[in-house]
Amino acid sequence: MLPLELIRRDPDRVKRAARLKGEEAPIDEILALDRGWREHLHAAETVKAEQNRLSKEFAKTRDDALKERLREMADQAKSELAEAEAVKHELDDLLLRVPNVFHESVPVGETEKDNLVVREVGSKRELGFAARTHYDLGETLGIMDFEHAARVSGSRFAFLIGEGARLERALVQFMLDTHTREHGYVEVLPPVLVNSASMTGTANLPKFGADAFRIEGQDLWLVPTAEVPLTNFHRDEILDGDRLPLKYVAYTPCFRSEAGAAGKDTRGFIRLHQFSKVELVKVTSAETSMAEFEHLLADAEVILQRLGLHYQVMLMCSGDMGFAQFKKYDLNAWCPGLGRYLEVSSCSVFNDFQAMRANLRYRPARGAPPSFAHTINGSGLALTRTIDAIIETYQRADGTIEVPEALLPYMGGLEVIGRRSS
RNA sequence: GGAGAGGUGGCCGAGUGGUUGAAGGCGGCGGUCUCGAAAACCGUUAUGGGUCACUGGCCCAUCGAGAGUUCGAAUCUCUCCCUCUCCGCCA
């Protein structure tokens, strides 16, 4: 969330940022509640201070009249404080609904059409025959199965089978190895059920609860991304500054109900209620976050480069970047069969927006007062769509799929997916 | 899931309802001593918030969380969470 102090000092900046993001921000209500809260709090504390003082006196004198007066003061302080807290709750609730501001380098715009292509790497592969989609190829080869998934779970689920499942496992291994051995991330296997406080910490709550799956009757949610457990790992802590940046990588399933997206990408292995992702998370100091953000983006790009996939780096405009992000890049991989790019990674920096919600701080130097950390995350990469891009890019005229060179060590000698072994 | 024990500051660990925001120790920081270091000794060492005559002061809150009893709660009561031990169940 944003510091209340920022909203007091520069409400217009916050309003403007929200408008350019296409979000609502109840700034005037917040300012009114803020005034009310401080009035009641001041009243309560004044009475309480006097009560504390007289209470010590009472310990000596045991004066009955004083006791009666103290009883009244206690009631008064209690009711003022209750009033202050009620207003503060309302205030905090609204604060959690104020979107983050954004970095000066973010282009102002309304829709995805206003996003900026920062660079393109590689080029669209010429196949020399009519490209087929990953779901056509996948179903034909028997490595993807949507029909049985619909029976077992419902729509927007999928099975990977045989060499398809093997491909995902190889990719996971490849990505984790690259990020841990070469990029210095610590591998983590987190819980995939998290509580509401964690969901609030990363700003998935209160606004986006409808996009997530909740466990009935319990305060538990299925993680929409490993960002939630990784970023909340240090919630309510004060870290030593010299431990930063912290770098974590985790492979987890991700669960999204995607309520608002019905009808979009219904075909194929693209937008599912459950998908796998390798996620990168960094916790940094305020000074280094923007540079660490660019590094994280580069770490994710390495995966695409090694897989030999053509992709573009897209800088998201204000209107398309989301509630919590300070700046965001998408990595879009080219899929010849679909004839379009698929988003395989989304990399974001949040400045202290998440850290304030999660109360995640660090001490810049010995004895210095704590500051809120900066948080960064990005997919490195989403497995499902990376598989789509690989299948469509490496397909051969006979409908089999070549295994990208980088994955050969992870595929146990398999060089072509779908080749008859007879 | 059943039975029991316990959750105190960066860490360990005292704590009788009333100068206890909290003894003591460790660690950290500053200093004395020293050619320097160690040791020893002295001092200092939480977080959040409000407020003011605002490079400082004053006030409030915080001893797992929440509620209660009381003029006053780390200390008494209740609920919840977590940890540990034993049993059960399981991967």
Side-chain angles (χ1 to χ4, degrees), chain A residues 1-9 30-96 189-201 205 214-221 229 232-244 246 252-253 283 285-286 352-373:
Chain A
M1 62 186 162
L2 296 176
L4 183 52
E5 200 243 333
L6 170 66
I7 296 174
R8 280 179 198 153
R9 182 162 37 84
I30 285 174
L31 290 173
L33 287 169
D34 179 40
R35 281 190 293 273
W37 167 57
R38 282 191 285 177
E39 267 172 38
H40 287 295
L41 186 63
H42 188 67
E45 288 190 350
T46 305
V47 175
K48 190 72 186 168
E50 183 69 357
Q51 185 199 344
N52 285 346
R53 203 176 61 75
L54 291 178
S55 195
K56 280 176 194 158
E57 206 172 304
F58 174 79
K60 296 176 200 145
T61 63
R62 303 275 167 180
D63 180 75
D64 278 347
L66 185 53
K67 181 171 179 173
E68 186 51 39
R69 178 144 169 248
L70 279 167
R71 200 195 304 269
E72 286 165 17
M73 292 179 80
D75 287 346
Q76 196 190 343
K78 196 176 286 185
S79 76
E80 281 291 350
L81 195 64
E83 192 68 32
E85 271 169 7
V87 177
K88 187 63 160 63
H89 271 132
E90 221 176 313
L91 174 59
D92 286 340
D93 196 61
L94 287 185
L95 269 178
L96 290 174
L189 202 148
V192 296
L193 287 170
V194 298
N195 57 32
S196 296
S198 295
M199 289 287 278
T200 304
L205 287 178
R214 193 202 319 230
I215 305 301
E216 193 175 345
Q218 298 194 47
D219 182 34
L220 287 171
W221 302 74
N232 280 282
F233 184 88
H234 294 287
R235 176 150 53 82
D236 293 320
E237 286 184 20
I238 302 174
L239 300 160
D240 284 338
D242 51 23
R243 286 182 65 193
L244 303 181
L246 298 169
T252 67
V283 177
S285 67
D352 59 1
F353 189 81
Q354 289 184 324
M356 284 194 70
R357 293 169 158 255
N359 191 29
L360 198 185
R361 293 171 295 171
Y362 71 103
R363 214 177 283 284
R366 278 249 150 63
S371 317
F372 285 104

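Note: hydrogens, waters and symmetry copies are ignored here, and every other heavy atom, side chains too, is used. Labels below follow one simple rule: chain letters A, B, ... track the order of the sequence lines, proteins then strands, and each chain is numbered from 1. Owing to the predicted nature of the structure, the values given are computational and were not obtained by experimental measurement.
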Peer 1: Please table the atom pairs, donor to acceptor, closer than 3.5 Å between any side-chain atom in residues 75-92 of chain A and protein atoms at least two apart or in another chain.
Peer 2:
from	atom 1	to	atom 2	distance (Å)
A:Ser79	OG	A:Gln76	O	3.2
A:Glu80	OE1	A:His40	ND1	3.0
A:Lys88	NZ	A:Asp92	OD1	3.0
A:Lys88	NZ	A:Asp92	OD2	3.4
A:His89	ND1	A:Glu85	O	3.3

Peer 1: Mind listing the N/O atom pairs, protein and nucleotides 67-75 of chain B, below 3.5 Å?
Peer 2:
from	atom 1	to	atom 2	distance (Å)
B:C71	OP1	A:Arg71	NH1	3.0
B:C71	OP1	A:Arg71	NH2	3.4
B:C71	OP2	A:Arg71	NH1	3.1
B:C71	O2	A:Ser55	OG	3.2

Peer 1: Counting only heavy atoms not in A:Arg38, do more than 12 sit closer than 6.0 Å to its CZ atom?
Peer 2: yes

Peer 1: For the CZ atom on A:Phe233, are there more than 12 heavy atoms of other groups (residues, nucleotides or ligands in this structure) within a distance under 6.0 Å?
Peer 2: no

Peer 1: With both distances under 3.5 angstrom, what nucleotide forms a Watson-Crick or G-U wobble pair with B:G17?
Peer 2: none

Peer 1: Under 3.5 Å, is there a donor-acceptor pair linking the side chains of A:Asp236 and A:Asn359?
Peer 2: yes

Peer 1: Determine the interatomic distance between C1' on B:A14 and the same-named atom on B:G25; round to the nearest Å.
Peer 2: 11 Å

Peer 1: List the residues meeting ring-ring contact (aromatic ring centres under 6.0 Å, His included) with A:Tyr362, not counting sequence neighbours, and say none if there are none.
Peer 2: none

Peer 1: Sort out the partner of B:G30 for me: Watson-Crick or G-U wobble, both distances under 3.5 Å, none otherwise.
Peer 2: B:C42

Peer 1: When the distance from NZ of A:Lys88 to P of B:A61 is rounded to whole Å, what number comes out?
Peer 2: 17 Å

Peer 1: A:Arg214 vs A:Met199, test: side-chain contact (heavy atoms from CB on, under 4.5 Å). Steps then yes/no.
Peer 2: CA-CA 11 Å; A:Arg214 193 202 319 230; A:Met199 289 287 278; over 6 Å; no

Peer 1: Could you state the interatomic distance from CG (A:Leu4) to CD1 (A:Ile30), rounded to the nearest 0.5 Å?
Peer 2: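 Answer for the CG-CD1 pair, A:Leu4 versus A:Ile30, is 7.5 Å.
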
Peer 1: Which value, rounded to the nearest 0.5 Å, describes the distance between A:Gln51 atom CD and A:Arg69 atom CZ?
Peer 2: 11.0 Å

Peer 1: For the atom pair OG (A:Ser196) and CG (A:Leu205), what is the distance rounded to the nearest 0.5 Å?
Peer 2: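 Spacing of OG (A:Ser196) from CG (A:Leu205) equals 5.5 Å.
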
Peer 1: Rounded to whole angstrom units, what separation is found between the CG atom of A:Asp240 and the C1' atom of B:C29?
Peer 2: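 Rounded to the whole Å, the gap is 14 Å.
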
Peer 1: Can you tell me how far P in B:G72 sits from the matching atom in B:C11, rounded to whole Å?
Peer 2: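 These two P atoms come out 32 Å apart once rounded.
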
Peer 1: Keeping to residues at least two apart or across chains, list the side chain to side chain donor-acceptor pair (under 3.5 Å) pairs with something in residues 53-65 of chain A.
Peer 2: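 Found A:Glu50-A:Arg53.
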
Peer 1: Quick one: does any side-chain atom of A:Arg357 pair with a main-chain N or O of A:Thr200 as donor and acceptor, under 3.5 Å?
Peer 2: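 Confirmed, A:Arg357 side chain pairs with A:Thr200 backbone.
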
Peer 1: With the threshold set at 4.0 Å, does a side-chain nitrogen-carboxylate oxygen contact exist between A:Glu45 and A:Lys48?
Peer 2: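 No, this pair does not count.
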
Peer 1: Name the pairing partner of B:A22, where a pair is Watson-Crick or G-U wobble with both distances under 3.5 Å, or state none.
Peer 2: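 Partner of B:A22: none found under 3.5 Å.
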
Peer 1: Would one find a side-chain N or O of A:Arg53 under 4.0 angstrom from OP1 or OP2 of B:C59?
Peer 2: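 Result: no.
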
Peer 1: Should B:U47 form a Watson-Crick or G-U wobble pair with both distances under 3.5 Å, which nucleotide is its partner?
Peer 2: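 B:U47 is paired, partner B:A61.
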
Peer 1: From CG of A:Asp242 over to P of B:G10, roughly how many Å is that when rounded to an integer?
Peer 2: 17 Å

Peer 1: Could you check how far NZ of A:Lys56 sits from C1' of B:U20, rounded to whole Å?
Peer 2: 11 Å

Peer 1: Using the C1' atom as the point on both nucleotides, what is the distance between B:A61 and B:G9, in whole Å?
Peer 2: 16 Å

Peer 1: When you compare B:G2 with B:C60, how far apart are their C1' atoms, in angstrom units rounded to a whole number?
Peer 2: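 One C1' to the other, the span is 44 Å.
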
Peer 1: Can you tell me how far P in B:C42 sits from the matching atom in B:C33, rounded to whole Å?
Peer 2: 16 Å

Peer 1: Under 3.5 Å, which N/O atoms of the protein pair with N/O atoms of nucleotides 26-28 of chain B?
Peer 2:
from	atom 1	to	atom 2	distance (Å)
B:G28	O2'	A:Arg366	NE	3.4

Peer 1: Distance check, rounded to the nearest 0.5 Å: A:His234 atom NE2 versus A:Leu239 atom CG?
Peer 2: 5.5 Å

Peer 1: Between B:C63 and B:G6, how many Å separate the two C1' atoms, rounded to a whole number?
Peer 2: 15 Å

Peer 1: Check the distance between B:G10's P and A:Leu239's CG and give it to me in whole angstrom.
Peer 2: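 Going from CG in A:Leu239 over to P in B:G10 covers 13 Å.
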
Peer 1: Collect all protein-nucleotide pairs involving nucleotides 50-57 of chain B in which both atoms are nitrogen or oxygen and the distance is under 3.5 Å.
Peer 2:
from	atom 1	to	atom 2	distance (Å)
B:G50	OP1	A:Arg8	NH2	3.2
B:U51	OP1	A:Arg38	NH1	3.4

Peer 1: Roughly, in whole Å, what's the span from CG in A:Leu81 to C1' in B:G66?
Peer 2: 14 Å

Peer 1: Roughly how far apart, to the nearest Å, are B:G36 and B:U32 at atom P?
Peer 2: 11 Å

Peer 1: Taking any strand in view, what nucleotide pairs with B:G1 in a Watson-Crick or G-U wobble way, both distances under 3.5 Å?
Peer 2: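 In the structure as shown, B:G1 has B:C87 as its Watson-Crick or wobble partner.
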
Peer 1: Mind calculating the distance between CG (A:Asp236) and P (B:G10) to the nearest angstrom?
Peer 2: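 Atom-to-atom, A:Asp236 to B:G10, this comes out as 13 Å.
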
Peer 1: In whole Å, what is the span from the CG atom of A:Leu54 to the C1' atom of B:C60?
Peer 2: 16 Å

